[in-house]
Every structure is written in structure tokens, then in C-alpha cells.
> 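Please read through the structure below; I'll follow up with questions.
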Amino acid sequence: MDALELCYLSAGDLSRLVRRREVSPVEIIDAHLARIEATEPVLNSFITLLPEQARAAARQAEAQIRAGNYRGPLHGIPVGLKDLFNTGGVRTTSGTRVFDTFVPKEDCTVATRFRQAGAILLGKLNMHQLAYGPTGENPDYGHMHNPWNPELVTGGSSGGSGSAAAAGQCTITMGSDTGGSIRIPAALCGIVGLKPTYGLVSRHGLTALSWSLDHPGPMVRTVEDAALTLNAIAGYDPKDVASARVAAPDYTTALTGSDGTGVQGLRIGVPREYFEAPLDPEVAEVVQRAIALLEELGATVTQVSFPMFPLAQAISGAILMAEAAAYHRDLLLRDGEKLYPPVRLRLEAGLFITAADYLRAQQARAQFDRQARQLLQEVDLLAGPTVPVTAPKLLETRLQIGEQTVGTTAALTQYTRPYNITGFPAISIPCGFSQGGLPIGLQLAGRPFDELTVLRAAHAYEQATDWHQRRPPI
């Protein structure tokens, strides 16, 4: 098979070929390493690449499979981890030169579970410094570049994960999401990004940004791959104090619904406040068409009201700033002058959040959560845009959205932050392109630990369209 075609096959399709021994893990890894070599000078997706380690792991996987020891759908499949996931014996920088020589002694739980599943680590992916930004800027290791137009941002903070998956550099990538850092680059790069329910995937061994808002999750090209990845990494972990003691089902059963009906009978709510916020008209039109298609496929779509939605930025911002400043306080005092100035300023600002401010934000969060739960008693899912604009230019700090000028950070996170506040599962899937050829994302959010319904609706939409099959021009 052509090497480039191998790079764009989903994990599901690759795994079926591997299991039938029609393609080997060695071929797969060689194809991806060649793709990285060809595109990395433009994209800058990786901080650390592990070609020899990956080739050795591929040879081992090939031998295991030939001996009849096939571990499952991720055996021999290439994976990339955002560079805040600890990897034993491989440096973990968290996107800053301050940690350029930090080499963890052991893997984080997610890396361990990937290894147990037989996945092959290609390398550590570039990210916004300390995961504190939604654009994908990094002066220490170089900015990330969008594969649909390298002059534009990938989104962040998991920008390298977004560009690597979109450009065929890596089949499965992992990001972390504190205010949208999985879903934003997924939308801007035209891939699938899933933020699971808070506590479903272990955070043990990840550099924290905000302990009560952080969520690890997969960034892939198909909904099936999100389900396959979740099967491998979800589940209780005693090493994470926030890990939930819930049974993790086989998430691939969601791909047709329990009775094979796709979205038939699902109730989808569209908050009217989504379309009252600053929103590019072209994005609004594409997303509304996507929601209309879900209705055509059998879902019941109704307009609902989410009155506290406009407060999400303030609630999330106060909590994030306080928790990030608390976690990184020693780093800030010791090496603050070495940090990217916008990141340092955000950390310093967090030092001025008082205990009273933080507690008031947590009280508001409880009310926000209660309102969201009540809303999801009326409907099964909430749908709307993932991001109100297509990818902005690199280093652009303010955006013109209709007649309003909005800060880039506020704009990119306006639809994603609510589901970090609540911890509810939320997915971004590609739902169309702008006239300029840039991806647009549809966000679907559901009840806590109801990833099955979120994945079910996302997959039904995906199968009715071909957006996920589009490839960037790079």
C-alpha cells in the first residue's frame, strides 16, 4: 500500500489490516516517520521525535503478532503524546526550556495503558507553553502551524497534537483540555477531539494547569478512533485522586447505537445563547446546517436556553488563574523570567485572585453545573459551534467577529469552557469548511459519563458526511 495512504488510514482501518497481516507495524511506522520528515519543517508538531525507539517497538510488535500474540486494535498503531504526559526515559518539557532536560523515571498512567495495548510512541508533541493558551504559540520550541494554512494557528494548547493528526504524521494523538485545549485545535485543524468526563481518564503523571478543570483526551481523525482510544485509556486509577470509580464500557458499541438506529430518537438541544454570542456568520451557517442534518437523520432538535452560558468565561477564568498560579508558584518565583511573557503574565495575574474571589467563582460554578444538569434532563445532548471563527493568523491578539472586536483567547474558548466547568463529556467533529478552505467544528456535549451517547451522535453525523476524509494541502 502507498505510504501516504497508510498515514491517512484510521486506527480502526489500520488495525484490521494489521490483524489480517496485510500490513506490518514496521511498514506503518516507516510510513509515518517519512511523513513527519517531509512535513515537520513546516508544521513543527513535535518537540521530541523517537524514530529509533519507534522502529524497535514496531519490530517487536510485528514479531508478537506473527507469534499469535495480538493485543487488540491499538497493537502496532502510532501514537503521539502532548509533551506534558510523563514518559519514562524520555524528556517531558511541558513546552518550556525550563524543563528541557527533565526526564521522568516512569510513564504516566495514559502512556502505560497505551504501551499495554501495544501502541507505539512516535514522540512528544508541541504545545502552548505550560498548556496556558488556546492558540499554539511557543517561542522555546517554535510556534505550531496549521496544516490547512501554515500562516494560521493550530489552536491550543494541544496544537502539535492537532496538526500531527490532521497532517497524517500520527494516527492517534493525545491532548489535555482545561478550557478547550483538545476541542479548539480539533476544530481549527479539522479532526475529532474528545474531552471525556472529568475523572474518566487518569491525570496521573501529567503536568497540571488547573487541577479541577484538566481533562486528558484523544485527538484523532474519526469517531471510531476516539472510541478505540477511550477503550484503552479510560478507567479508574488509584494514583489520581480525582479518578472516578465507574465502569468503562466498550465505547465502540456507541458507533451504531444500542439498537443500530444512529441518532434516531435522540433529543438535541441548541442553546439560543450560543448564537447570541460573537459568532462569524459563515461558521454559524455551517454549524446550523450540521444540526439540521442530525435532525434529518432522526434526532429531535429543539432550541433551549442556557442563561448562565455568558458567565462561563468569568467563572472558568477565576478558577483557572488561581489554580494555575498555585501549582506553578515556585516555578514563577524561581524561573519566571524564562517563561513566555504572555504565559508569565497570566500566572502572575493569578496571584492576585483572592480566596474570596476563588470561593465566589466556585459557588457560581456549582450554580452553573446545576443549570447544565437540569438542561440535560430535558435533552440528551447540547449542540453548537466548537469555535466561533476559523483559524486566526499566528500571534493575532484580537479578532473582528461581525461588528465586534474580541480578544483571541476569549473568542477561541467561548464555547468550550462551559464543559470544563461542569466536567461533562464534549466532542468536536469537522462539519464543513469556510469559503477560504478552513475547517469548522461542531461541538456535542452530553451528561456526565455518557460518552456513549456523545460518540453515537458524532459517529452518525460523521458517516453521513465526508468532512473527516478531507486532507490538508500540505
Side-chain angles (χ1 to χ4, degrees), residues 39-40 42-45 82 125-129 131 133-139 142-169 173 175 177 179-193 195 219-221 277-287 290 342 384-402 404-417 427-443 467-468 470-474:
T39 55
E40 188 62 4
V42 174
L43 297 179
N44 198 34
S45 303
K82 183 178 182 178
L125 293 159
N126 204 349
M127 55 180 283
H128 206 110
Q129 194 174 83
T135 55
E137 301 165 29
N138 190 317
H143 302 319
M144 289 139 271
H145 299 268
N146 194 307
W148 295 92
N149 181 342
E151 295 182 359
L152 307 181
V153 302
T154 55
S157 60
S158 311
S161 302
S163 59
Q169 292 182 323
T173 66
D177 192 312
S181 290
I182 287 171
R183 292 160 289 157
I184 294 165
L188 299 186
C189 292
I191 62 169
V192 174
K195 182 195 76 65
M219 300 174 68
V220 289
R221 290 190 296 273
L279 176 60
D280 180 271
E282 192 173 16
V283 173
E285 182 182 350
V286 167
V287 170
T386 308
V387 180
V389 292
T390 55
K393 292 181 180 178
L394 280 164
L395 305 179
E396 194 168 17
T397 59
R398 299 193 68 77
L399 304 176
Q400 189 69 34
I401 306 177
Q404 300 185 60
T405 302
V406 183
T408 300
T409 295
L412 294 180
T413 59
Q414 90 179 6
Y415 295 119
T416 53
R417 285 188 186 225
I427 195 169
S428 179
I429 54 174
C431 69
F433 286 78
S434 69
Q435 291 184 358
L438 297 176
I440 294 170
L442 170 70
Q443 179 175 232
W467 307 121
H468 64 290
R470 305 286 180 94
R471 299 180 186 180
I474 186 169

> Quick check: does any side chain N or O of Gln414 sit under 3.5 Å from a backbone N or O of Pro278, one acting as donor and the other as acceptor?
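Flag set: sc Gln414 to bb Pro278 pair under 3.5 Å.
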
> What's the separation between atom CG in Leu438 and atom SG in Cys189, rounded to the nearest 0.5 Å?
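Separation between the atoms: 10.5 Å.
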
> Tell me if a side-chain donor or acceptor on Asn126 pairs with a main-chain N or O of Gly142 at a distance below 3.5 Å.
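Such a contact is found between Asn126 side chain and Gly142 backbone.
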
> So which heavy atom on Ala187 is nearest to which on Ser428, and how close?
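Smallest interatomic distance, heavy atoms only, reads CB-OG, 3.7 Å.
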
> Side chains of Ser45 and Ser163: is there a donor and an acceptor less than 3.5 Å apart?
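Present: a donor and an acceptor within the cut-off.
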
> So, does Trp467 use its side chain to make a donor-acceptor pair with the main chain of Cys431 at under 3.5 Å?
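Between the backbone of Cys431 and the side chain of Trp467 there is a qualifying donor-acceptor contact (under 3.5 Å).
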
> Check the pair Met219 / Val192 against side chain to side chain contact (heavy atoms under 4.5 Å, CB included), numbers first and verdict last.
CA-CA 6 Å; Met219 300 174 68; Val192 174; over 6 Å; no

> Quick one: do Val153 and Met144 satisfy side chain to side chain contact (heavy atoms under 4.5 Å, CB included)? Show the steps, please.
CA-CA 7 Å; Val153 302; Met144 289 139 271; over 6 Å; no

> Check side-chain contact (heavy atoms from CB on, under 4.5 Å) between Glu396 and all other residues, then give those that pass, not counting sequence neighbours.
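For Glu396 the side-chain contact (heavy atoms from CB on, under 4.5 Å) partners, ignoring immediate neighbours, are Pro392, Lys393, Leu399.
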
> For side-chain hydrogen bond (donor to acceptor under 3.5 Å, both in side chains), just list the numbers for Glu282 and Ser434, CA-CA rounded to whole Å, side-chain angles, deciding distance to a tenth of an Å, and then say yes or no.
CA-CA 7 Å; Glu282 192 173 16; Ser434 69; 4.7 Å; no

> Can you name the nearest heavy-atom pair linking Pro134 to Thr413, along with the distance?
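So the minimum-distance heavy-atom pair works out to CB-CG2, 4.0 Å.
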
> Could you give the distance from CE (Met127) to CG (Asn138), rounded to the nearest 0.5 Å?
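Met127 atom CE to Asn138 atom CG measures 8.0 Å (nearest 0.5 Å).
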
> Take Arg471 and Trp148 through the test side chain to side chain contact (heavy atoms under 4.5 Å, CB included) and record every step on the way to the result.
CA-CA 8 Å; Arg471 299 180 186 180; Trp148 295 92; 5.5 Å; no

> Do side-chain atoms of Glu40 reach the backbone of Val42 as a donor and acceptor pair under 3.5 angstrom?
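Such a contact is absent between Glu40 side chain and Val42 backbone.
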
> If you take all heavy atoms of Ala391 and Asn146, which pair is closest and at what distance?
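Looking at all heavy atoms of both residues, the shortest contact is CB-ND2, 3.7 Å.
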
> OG1/Thr154 to CG/Leu125 distance, rounded to the nearest 0.5 angstrom?
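Here the interatomic distance stands at 11.0 Å.
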
> Return the NE2 to CG distance between His145 and Leu43, rounded to the nearest 0.5 Å.
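Reported to 0.5 Å precision, the distance equals 8.5 Å.
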
> On a heavy-atom basis, which atom in Pro385 and which in Leu279 lie closest, and how many Å separate them?
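That closest heavy-atom pairing would be CG-CD1, 4.0 Å.
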
> Of all the heavy-atom pairs spanning Ala165 and Ile191, show the shortest one and how long it is.
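Taking every non-hydrogen atom into account, CB-CD1, 3.8 Å.
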
> Look up atom OG1 in Thr409 and atom CD1 in Ile184, then write down how far apart they are to the nearest 0.5 Å.
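Spacing of OG1 (Thr409) from CD1 (Ile184) equals 8.5 Å.
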
> Using side-chain contact (heavy atoms from CB on, under 4.5 Å) as the criterion, list what pairs up with Ser181, not counting sequence neighbours.
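If we apply the side-chain contact (heavy atoms from CB on, under 4.5 Å) test to Ser181, skipping adjacent residues, the hits are Lys82, Ser157, Ser158.
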
> Kindly compute the distance separating CZ (Phe433) from OG1 (Thr390), expressed to the nearest 0.5 Å.
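Reported value, rounded in 0.5 Å steps: 11.5 Å.
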
> Does the side chain of Gln443 pick up a donor-acceptor pair with the side chain of Thr416 at under 3.5 Å?
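No, no side-chain donor-acceptor pair sits under 3.5 Å.
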
> Just by distance, do the side chain of His128 and the backbone of Glu137 share a donor-acceptor pair under 3.5 Å?
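Judged by distance alone, yes, a pair lies under 3.5 Å.
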
